[in-house]
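Keep in mind that what you see is a predicted model, and the values were worked out from it rather than measured.
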Amino acid sequence: QVQLIESGGGLVQAGDSLRLSCAASGRTFSNTAMGWFRQAPGKEREFVAAIGAINWAGSRTRYADSVKGRFTISRDHAKNTVYLQINTLKPEDTAVYYCAQSTSGVVPGSVPGSAPAGYTYWGQGTQVTVSS
């Protein structure tokens with residue numbers, strides 16, 4: 001059984017940084033793509049960042065245009081954990097952040113997808129609130 005457990009959210013001020021973590025269990029971590037999505041109150045869930053399955057060259061990443069330059073996704077295969085480093089937080093970053101795992105059609109070394117439908121397993125989410 002796959003489990004994804006997010007942590008690291010909280011109440012912060014604009015300009016602060018946070019690192020979200022997602023610990024995965026129940027499946028071979030290296031063969032999966034991992035993504036972060038977020039959902040603000042009254043809005044649809046949106047893609048934030050993803051990191052693909054690893055090959056000899058490493059893992060490729062994809063970012064939403066709105067977060068490029070401020071968000072960095074990474075993964076630690078020894079810890080079966082994916083991270084989302086968020087810098088220079090803005091009030092509009094306030095949302096519940098979800099970790100997700102894609103297990104189908106994953107090609108090592110390829111750019112991961114951004115569509116929620118492409119992700120099979122989801123965590124419960126961690127709240128990030130940014131005050132101005």
* Are side-chain heavy atoms of T72 and L84 found at a separation under 4.5 Å? ->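 Contact flag for T72/L84 side chains = no.
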* More than 12 heavy atoms of other groups within 6.0 Å of Q39 CD ->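 It does: Q39 CD has more than 12 such atoms within range.
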* Residue pairs, two or more places apart or on separate chains, that pass salt bridge (charged side-chain N to carboxylate O under 4.0 Å, His left out) and touch residues 59-80 ->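 Listed once each, the pairs are D65-K68, R70-D93.
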* To do: Can you run down the salt bridge (charged side-chain N to carboxylate O under 4.0 Å, His left out) pairs that involve residues 117-132, sequence neighbours left out, and say none if there aren't any?
  =>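 Those involving residues 117-132 do not exist here.
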Using side chain to side chain contact (heavy atoms under 4.5 Å, CB included) as the criterion, list what pairs up with [X], not counting sequence neighbours.
| X | value |
| --- | --- |
| Q1 | none |
| N31 | T28 |
| T129 | L11, T94, Q127 |
| S74 | Y83 |

Could you pull out all donor-acceptor pairs under 3.5 Å where a side-chain atom in residues 109-117 meets a protein atom, sequence neighbours excluded?
unit_1	atom_1	unit_2	atom_2	d
S110	OG	V107	O	2.6

For the [atom1] atom of [X] and the [atom2] atom of [Y], what is their distance to the nearest 0.5 Å?
| X | Y | atom1 | atom2 | answer |
| --- | --- | --- | --- | --- |
| T61 | M34 | OG1 | CE | 14.5 Å |
| L18 | F71 | CG | CZ | 9.5 Å |
| Y97 | W36 | OH | CH2 | 10.0 Å |

Check whether [X] reaches the backbone of [Y] with its side chain - one donor and one acceptor, N or O, closer than 3.5 Å.
| X | Y | answer |
| --- | --- | --- |
| S21 | G8 | no |
| E6 | T126 | no |
| T32 | Q101 | no |

* So which pairs with a foot in residues 3-29 pass ring pair (Phe, Tyr, Trp, His ring centres under 6.0 Å), sequence neighbours left out? ->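 Qualifying pairs, neighbours excluded: F29-H77.
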* Asked: Does anything in residues 113-132 pair up under ring pair (Phe, Tyr, Trp, His ring centres under 6.0 Å), and if so which pairs, sequence neighbours excluded?
  ->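 Those involving residues 113-132 are F37-Y119, F37-W122.
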* **V2 with Y98, same ILVMFWY side-chain cluster at under 4.5 Å** =>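 No, V2 and Y98 fall in different hydrophobic clusters.
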Under 3.5 Å donor-acceptor pairs involving side-chain atoms of residues 85-92, not counting sequence neighbours:
unit_1	atom_1	unit_2	atom_2	d
Q85	NE2	N87	OD1	2.9
N87	OD1	S17	OG	3.1

Just list the side-chain donor-acceptor pairs under 3.5 Å for residues 44-51, sequence neighbours left out, or say none.
unit_1	atom_1	unit_2	atom_2	d
E46	OE2	R38	NE	2.6
E46	OE2	R38	NH2	3.2

* disulfide (SG to SG under 2.5 Å): which pairs involve residues 75-130, sequence neighbours left out? ->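 Pairs touching residues 75-130 that pass the test: C22-C99.
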